[in-house]
Undergrad: 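One structure, as structure tokens, below. Some questions next.
As a basis for the values below, the full set of heavy atoms in this structure was taken, side chains included, without hydrogen atoms, waters or symmetry mates.
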Amino acid sequence: MSDFLAPQSSLGVLDAEAVASVISAASDVALIVDEHGVICDVSVSGEDVAPDGYRKWVGRAWADTVTPDSRQKVVALLRDAAAKTGRKWRHVNHPSPQGADVPLMYSAVQVGKQGHVVAFGRDMRSMAALQERLVEAQQSMERDYLRLRHMETRYRMLFEMASEAVLIVDTTTHRVVEANPAAGQLIGEPVKRLLSRPLSECFEPRGKQAVLGLLEGVRAAGQAGSIKARLSGGEWELTVAVSMFRQESGSLFLVRLSPVQADAPSRAAGPELSMTHLAIESAPDGFVVTDMDGRILTVNAAFLDMTQFSNREHVLGESLDRWLGRTGVDLSVLMANLKQRGSVRLFATTLRGSAGMATPVEISGVSVPHAPQPCLGFTIRDVGRRLATNRRGRKELPRSVAQLTELVGRLPLKDIVGETSDLIEQLCIEAALELTQDNRASASEMLGLSRQSLYVKLRRYGLGDLGTDSDK
């Protein structure tokens with residue numbers, strides 16, 4: 001590099017070797033480019049930051065050593081250097097045989113009277129890696145937040161739909177913090193009136209002292225306990241079971257109320273049946289029992305969550321076909337296989353919610369023709385999370401024909417072709433915006449679109465901030 005700087009007397013008291021050392025120290029990569037844009041010399045501060053194949057750049061046009069999307073930026077750098085306008089840094093990518101492009105941030109300055117240009121390059125690979133890690137951390141936080149929201153929704157639905165009366169009581173004031181509808185129905189008051197009311201006020205005078213003693217005993221010992229007491233004005237004796245749990249920095253009582261007379265028949269009927277029903281109701285997968293024609297007889301809470309309903313009455317008596325992906329097809333296929341084989345496993349389809357959101361699911365089913373009421377049982381598992389385990393930074397096309405064929409049976413051919421076309425169009429627009437650093441004028445020219453057409457497509461796919469136009 002010193003050979004090209006030696007004839008230039010404008011460098012003052014610094015000799016060419018000193019100037020070359022300063023240039024190398026001030027940048028990760030330094031280029032000497034002649035007036036025709038051809039690289040005359042290359043200097044790197046260390047092999048760890050050197051782009052692959054940089055030694056072969058000498059004698060080649062600078063624009064030929066970069067990716068196609070960066071060539072206009074090289075032309076702009078040389079133009080600005082010749083015009084001696086304000087120095088600008090521009091993001092330029094060099095292709096690499098290793099696969100990933102090497103990002104460098106360049107600024108160019110013309111030196112001497114022969115038209116030579118010195119281009120200073122800063123390695124941006126570490127910055128790109130940090131940005132990628134930041135995006136991954138943000139996505140991880142969003143997934144955790146969404147998982148917590150789903151857990152809270154499931155808890156709320158189970159709490160509201162439980163047939164057992166349940167109350168959450170503050171350990172200090174003994175006031176009701178939460179109560180489910182079953183508790184309000186058993187006590188005979190609306191749930192809103194129960195909130196902030198002392199629990200002991202719900203019982204007759206003799207039962208008040210017993211309930212207060214039970215709460216204090218559970219709080220002191222930390223172990224669950226139960227007593228029998230009557231509600232104020234009530235005819236039935238209740239079992240009051242109390243346990244304590246911690247929440248954040250405090251603790252709360254979990255109080256369960258059940259009529260004593262109602263307990264004996266359920267135990268006599270068999271605890272196994274009761275436990276099975278409770279397990280199915282609490283299962284994370286949807287469970288549906290239909291008659292032999294596919295009309296719903298009963299469902300669990302997870303199915304209501306998937307279909308976005310809060311009340312069982314909205315789904316009972318309806319055909320399961322109403323929520324399956326291909327109306328009139330999927331249920332017919334399931335029922336035909338159940339009649340022929342007796343069971344079906346891992347049938348792939350989609351489940352539509354009341355708000356129109358489709359969820360990829362796998363359905364396993366069994367036929368029970370010899371029950372007192374012949375029926376069909378289905379378990380429905382949400383596989384959306386499983387399909388998202390190989391998460392990508394953005395949408396990608398299926399990499400093989402096999403992955404495309406997996407959509408067959410889940411979507412009509414028209415929808416598969418339409419979605420694939422839309423995805424290709426969106427990916428091309430995203431790539432153009434990325435290559436031009438969100439310069440929409442350059443992106444529209446690169447895509448062969450008018451700027452108005454590009455804006456229409458940006459709005460369609462929700463890309464970019466349409467409030468401003470970036471023409472860097």
Undergrad: So, for Arg90 and Lys88, which heavy atoms are closest and what is the spacing to 0.1 Å?
TA: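 Of all heavy-atom pairs spanning Arg90 and Lys88, the closest is NH2-CD, 3.8 Å.
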Undergrad: If you round to the nearest 0.5 Å, how far is CD of Glu216 from OG1 of Thr171?
TA: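 Thr171 OG1 to Glu216 CD: 9.5 Å, rounded to 0.5 Å.
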Undergrad: Measure across Leu199 and Leu215 and return the closest heavy-atom pair with its distance rounded to 0.1 Å.
TA: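 What the structure gives for the nearest pair is CD2-CD1, 4.2 Å.
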Undergrad: Is any side-chain heavy atom of Arg295 less than 4.5 Å from a side-chain heavy atom of Thr290?
TA: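 Of all side-chain heavy-atom pairs linking Thr290 with Arg295, none is under 4.5 Å.
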Undergrad: Can you classify the ring geometry of Trp323 versus Phe309 as parallel (below 30°), tilted (30 to 60°) or perpendicular (above 60°)?
TA: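 Correct class here is perpendicular.
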Undergrad: As an exercise, state the distance from CZ of Arg246 to CG of Leu252, rounded to the nearest 0.5 Å.
TA: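 Spacing of CZ (Arg246) from CG (Leu252) equals 10.0 Å.
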Undergrad: Just how far is it from atom CG of Leu297 to atom CG of Leu316, taken to the nearest 0.5 Å?
TA: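 With rounding to 0.5 Å, CG (Leu297) is 8.5 Å from CG (Leu316).
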Undergrad: Any chance CZ of Phe245 has more than 12 other-residue heavy atoms, nucleotides or ligands included, within less than 6.0 Å?
TA: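 Yes - once you tally the heavy atoms of other residues, nucleotides and ligands closer than 6.0 Å, there are more than 12.
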Undergrad: Hey, does the side chain of His94 reach the backbone of Thr65 with a donor-acceptor pair shorter than 3.5 angstrom?
TA: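 Yes, His94 side chain to Thr65 backbone: donor-acceptor pair under 3.5 Å.
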Undergrad: How many angstroms lie between atom CG of Asp293 and atom CG of Asp321, to the nearest 0.5 angstrom?
TA: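 Reported to 0.5 Å precision, the distance equals 12.0 Å.
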Undergrad: For Thr67, is there any backbone N or O sitting under 3.5 Å from a side-chain donor or acceptor partner on Asn93?
TA: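 No, Asn93 side chain to Thr67 backbone: no donor-acceptor pair under 3.5 Å.
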Undergrad: Please evaluate residues Leu146 and His150 with respect to the criterion side chain to side chain contact (heavy atoms under 4.5 Å, CB included), reporting the C-alpha separation (whole Å), side-chain torsions for both, the decisive distance (0.1 Å), and the verdict.
TA: CA-CA 6 Å; Leu146 186 60; His150 287 168; 3.7 Å; yes
Undergrad: Could you go step by step and tell me if Arg381 and Asp285 meet the salt bridge (Lys or Arg N to Asp or Glu O under 4.0 Å) rule?
TA: CA-CA 5 Å; Arg381 173 165 293 179; Asp285 294 338; 2.8 Å; yes
Undergrad: Can you tell if the side chain of Leu304 reaches within under 4.5 Å of the side chain of Met161, non-hydrogen atoms only?
TA: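 When only atoms from C-beta onward are counted, Met161 and Leu304 do touch, with a gap below 4.5 Å.
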Undergrad: What I'd like to find out is whether the side chain of Thr239 reaches to under 4.5 Å of the side chain of Leu257, using heavy atoms alone.
TA: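 In short, these two side chains do not touch, never coming nearer than 4.5 Å.
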Undergrad: Is the side chain of Asn180 donor-acceptor paired with the backbone N or O of Glu164 at a distance under 3.5 Å, no angle test?
TA: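 A pair under 3.5 Å: yes.
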Undergrad: Please tell me if the side chains of Ile429 and Leu454 come closer than 4.5 Å, counting only heavy atoms from C-beta onward.
TA: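 Ile429 vs Leu454: side chains touch.
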Undergrad: Can you check whether Val333's main-chain N or O pairs, donor with acceptor, with Asp330's side chain at less than 3.5 Å?
TA: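 Not at all, since once roles are kept as given, no pair shorter than 3.5 Å links the two residues.
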Undergrad: Could you check whether any side-chain N or O of Ser140 sits under 3.5 Å from a backbone N or O of Glu136, counting only pairs where one atom can act as donor and the other as acceptor?
TA: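 A pair under 3.5 Å: no.
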Undergrad: Are Gln426 and Glu430 close enough that a side-chain donor and a side-chain acceptor fall under 3.5 Å?
TA: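 Indeed, the side chains of Gln426 and Glu430 share at least one donor-acceptor pair under 3.5 Å.
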Undergrad: Taking Ser453's backbone N and O only, do any of them form a donor-acceptor pair with Ser450's side chain (distance below 3.5 Å, no angle check)?
TA: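 At least one qualifying donor-acceptor pair exists.
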Undergrad: Taking all non-hydrogen atoms of both residues, which atom of Ala165 and which atom of Ala183 are closest, and how far apart?
TA: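 The pair with the smallest heavy-atom distance is CB-CA, 3.5 Å.
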Undergrad: To the nearest 0.5 Å, how far apart are OG1 in Thr298 and CD in Glu281?
TA: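 So the OG1 of Thr298 and the CD of Glu281 are separated by 7.5 Å.
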Undergrad: Could you check whether Arg451 and Tyr455, counting side-chain N and O atoms only, form a donor-acceptor pair closer than 3.5 Å?
TA: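 Their side chains do not contain a donor-acceptor pair, so the 3.5 Å distance test is not met.
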Undergrad: Would a 4.5 Å heavy-atom cut-off, applied to side chains only, mark Ile296 and Phe303 as touching?
TA: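 They are in contact (side-chain heavy atoms under 4.5 Å apart), so the answer is yes.
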Undergrad: Name all residues meeting the side-chain hydrogen bond (donor to acceptor under 3.5 Å, both in side chains) criterion together with Tyr155; count only those two or more places apart in sequence or in a different chain, and write none if there are none.
TA: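 Checked Tyr155 against side-chain hydrogen bond (donor to acceptor under 3.5 Å, both in side chains); zero matches.
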Undergrad: Without swapping roles, check the side chain of Ser444 against the backbone of Ala441 for a donor-acceptor pair under 3.5 Å.
TA: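 Yes; judged by distance alone, with no hydrogens or angles, the pair exists.
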Undergrad: Mind listing the closest non-hydrogen atom pair of Ser70 and His91 along with its distance?
TA: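 Closest approach of Ser70 to His91: OG-O, 4.4 Å.
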Undergrad: What's the spacing between Ile187 CD1 and Glu201 CD if we round to 0.5 Å?
TA: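 Rounded to the nearest 0.5 Å, the CD1-CD separation comes to 11.5 Å.
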Undergrad: Taking it one step at a time, do Thr359 and Met306 satisfy side chain to side chain contact (heavy atoms under 4.5 Å, CB included)?
TA: CA-CA 8 Å; Thr359 303; Met306 290 179 177; over 6 Å; no
Undergrad: Could you tell me whether Arg256 atom CZ has more than 12 heavy atoms of other residues or ligands within 6.0 Å of it?
TA: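 No, not enclosed.
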Undergrad: Identify the heavy atoms of Val191 and Ala179 that sit nearest to each other, and give their distance.
TA: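 Smallest interatomic distance, heavy atoms only, reads CG1-O, 3.3 Å.
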Undergrad: Just by distance, do the side chain of Thr379 and the backbone of Phe287 share a donor-acceptor pair under 3.5 Å?
TA: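 Checking the backbone N and O of Phe287 against the side chain of Thr379, no donor-acceptor pair under 3.5 Å is found.
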Undergrad: Could you go through Phe203 and Leu212, starting from their C-alpha distance and side-chain angles, then the distance that decides it, and tell me whether this counts as side chain to side chain contact (heavy atoms under 4.5 Å, CB included)?
TA: CA-CA 10 Å; Phe203 297 89; Leu212 288 174; over 6 Å; no
Undergrad: With side chains defined as the heavy atoms from C-beta onward, is the minimum distance between Leu338 and Phe378 less than 4.5 Å?
TA: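 A side-chain contact under 4.5 Å exists here.
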Undergrad: Counting neighbours of CZ on Arg322 that are heavy atoms of other residues, nucleotides or ligands and sit closer than 6.0 Å, is the number greater than 12?
TA: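 More than 12 heavy atoms, drawn from other residues, nucleotides or ligands, come within 6.0 Å of this atom.
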Undergrad: Any side-chain heavy-atom pair from Lys339 and Ser367 closer than 4.5 angstrom?
TA: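 Counting from C-beta outward, Lys339 and Ser367 never come under 4.5 Å.
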Undergrad: Please give me the minimum heavy-atom distance between Ser319 and Leu331, naming the atom from each residue.
TA: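 That closest heavy-atom pairing would be OG-CD2, 3.8 Å.
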Undergrad: Check whether any side-chain heavy atom of Glu189 lies under 4.5 Å from a side-chain heavy atom of Arg197, and answer yes or no.
TA: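 Yes, close enough: below the 4.5 Å cut-off.
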Undergrad: Run Tyr106 and Val29 through side chain to side chain contact (heavy atoms under 4.5 Å, CB included) and show every step you take.
TA: CA-CA 9 Å; Tyr106 277 107; Val29 177; 4.1 Å; yes
